[in-house]
Amino acid sequence: MPELPEVETTRRGVEPHCTGRQVERVIVRDSRLRWPVPDHLASTLSGQDIVAVERRGKYLLFQTVTGYLLVHLGMSGSLRVVEAAATPGRHDHIDVLLDGDTCLRYHDPRRFGCFLWQAKGGEHPLLVNLGPEPLSADFDGLLLYRLSRRRKGPVKSFIMDGKVVVGVGNIYANEALFLSGIHPGRAAGRISLERYRRLAQCIKQVLTSAIEQGGTTLRDFVGGDGKPGYFAQQLFAYGRSGQPCKVCGTLLQERRLGQRSSVYCVTCQR
DNA sequence: CGCTGACCCTGACGGC
DNA sequence: TGCCGTCAGGGTCAGC
């Protein structure tokens with residue numbers, strides 16, 4: 001579920017419930033995430049005020065005066081605001097109890113996410129080598145062009161590389177490549193500046209549009225209903241293998257690139 | 001340095 | 001029904 005648009009939607013959803021609130025207590029029911037939840041996390045966080053909730057790529061940063069809580073949702077994670085008294089269910093691994101009887105509840109069946117602490121004065125190692133935000137002015141076609149020279153790997157893997165640009169997951173990589181008419185298997189180093197300009201523009205457009213959808217459809221997700229699928233009707237490629245291309249009717253092909261399924265139209269994408 | 005594949009884990013789904 | 005293989009939005013890391 002969590003591609004960048006959903007992480008941003010989560011941020012916007014939880015931010016008003018967290019900013020200015022004090023953490024009263026943290027309950028870690030299962031610390032076995034992608035990396036173990038540090039033993040000191042609960043005591044470090046307790047008593048602190050959350051001063052801001054930020055996002056970097058697909059990471060969420062809960063800022064306090066002494067540092068930040070770094071959260072990643074992995075493949076199956078979610079954060080919800082629930083009443084403090086609400087009974088936790090299966091896979092509800094962590095509760096951050098805030099004043100005002102609210103609770104920030106972390107749910108993650110596959111446990112690929114993380115809950116880590118970074119003290120003030122440094123940047124967490126996981127964030128240090130990240131590329132620019134896709135929706136910022138720092139990200140454009142020229143950057144893609146420059147970084148891709150001499151790279152022989154597929155362009156799809158290239159734009160999903162967090163050191164190049166953050167937040168482009170499998171769904172939107174497929175979509176952006178379709179919209180820009182670029183074959184996902186094409187070598188990254190063999191694409192012109194002009195086509196990279198178009199690709200960067202398509203990445204921005206598809207992410208922006210998905211965030212807008214998320215903001216509309218998941219408006220009440222804080223209440224507990226965060227079903228995915230809101231963007232599905234607008235997908236041109238992802239999940240449509242074997243179905244006709246919405247533009248030309250050619251049956252869409254599927255192929256694995258870098259261990260991820262890639263769907264594309266042999267007619268529209270070159 | 002760039003690329004490939006293994007790995008972390010649970011659950012859903014299709015075929016038999 | 002049930003069992004088995006395959007696949008799933010993420011990202012890191014070792015090894016070549």
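Lettering of chains follows the sequences in order, A, B, ..., and the numbering in each one begins at 1.
The side chain of A:H72 contributes an N or O atom lying less than 4.0 Å from OP1 or OP2 of C:dG11. Residue A:Y238 places at least one side-chain N or O closer than 4.0 Å to OP1 or OP2 of C:dG9. In this structure, A:R150 does not reach the B:dC1 phosphate: none of its side-chain N or O atoms is under 4.0 Å from OP1 or OP2.
Among the atoms of the strands shown, only primed sugar atoms or phosphate atoms (P, OP1, OP2) are found under 4.0 Å from some heavy atom of A:R151. Residue contacts for A:F158: at a heavy-atom cut-off of 4.0 Å it reaches no nucleic acid atom on any strand shown. At a threshold of 4.0 angstrom between heavy atoms, the contacts of A:L73 with the nucleic acid are absent. Using a 4.0 Å heavy-atom criterion, one finds that A:S261 contacts the sugar-phosphate atoms exclusively.
Rounded to whole Å, atom C1' of C:dG9 lies 16 Å from atom CZ of A:R34. Look at CZ on A:R56: it is 17 Å from P on C:dG10, rounded to the nearest Å. Straight-line distance from the CG atom of A:L33 to the C1' atom of C:dG10: 13 Å, rounded to whole Å. Whole-Å rounding puts the A:L4 CG to C:dG10 P distance at 10 Å. Atom pair A:K156:NZ and C:dG9:C1' shows a separation of 12 Å (rounding to whole Å applied). At whole-Å resolution of the value, CG in A:D108 and P in B:dC8 are 16 Å apart. For A:Y172 and C:dG9, the OH to C1' distance is 9 Å, given to the nearest whole Å. What separates CD of A:Q259 from P of B:dC8 is a distance of 14 Å, to the nearest Å.
Nearest to the side chain of A:W35, among C:dG10, C:dA8, C:dT12, sits C:dT12. The side chain of A:F112 approaches C:dG10 more closely than any other nucleotide in the set B:dT10, C:dG10, B:dT4. Of the candidates C:dA8, B:dG5, C:dG11, the closest approach to any side-chain atom of A:M75 belongs to C:dA8. Closest to the side chain of A:K58, out of C:dA8, C:dG10, B:dG11, is C:dG10. Considering only the side chain of A:I171, C:dG9 comes nearest among C:dG9, C:dA8, C:dG10.
Taking atom P on both C:dC7 and B:dG5, the two are 15 Å apart, rounded to the nearest angstrom. Of the P atoms belonging to C:dG9 and B:dC13, the separation is 15 Å, rounded to the nearest Å.
Linking ILVMFWY residues whenever their side-chain heavy atoms come closer than 4.5 Å, directly or via other members, leaves A:L126 and A:I94 in distinct clusters.
Side-chain contact annotation: A:E254 with A:S262, donor-acceptor N/O pair under 3.5 Å absent.
With a cut-off of 3.5 Å on both Watson-Crick or G-U wobble distances, the partner of C:dC3 is given as B:dG15.
Counting distance only, with no hydrogens placed and no angle test, the side-chain atoms of A:R110 and the base atoms of C:dA8 include a donor-acceptor pair under 3.5 Å. Looking at A:R111, its side chain has no donor and acceptor atom pair within 3.5 Å of the base of B:dC9.
Checked against the 6.0 Å centroid threshold, A:Y106 and A:F115 count as a close aromatic pair.
Between A:R32 and A:D108 there is no salt bridge, since no side-chain N of the basic residue sits under 4.0 Å from a carboxylate O of the acidic one. A salt bridge links A:R11 and A:E8; the closest N-O separation between the charged side-chain nitrogens and carboxylate oxygens is under 4.0 Å.
With A:T102 as the fixed residue, the side chain to side chain donor-acceptor pair (under 3.5 Å) test singles out one of A:E24, A:H17, A:R21, A:E83: A:R21.
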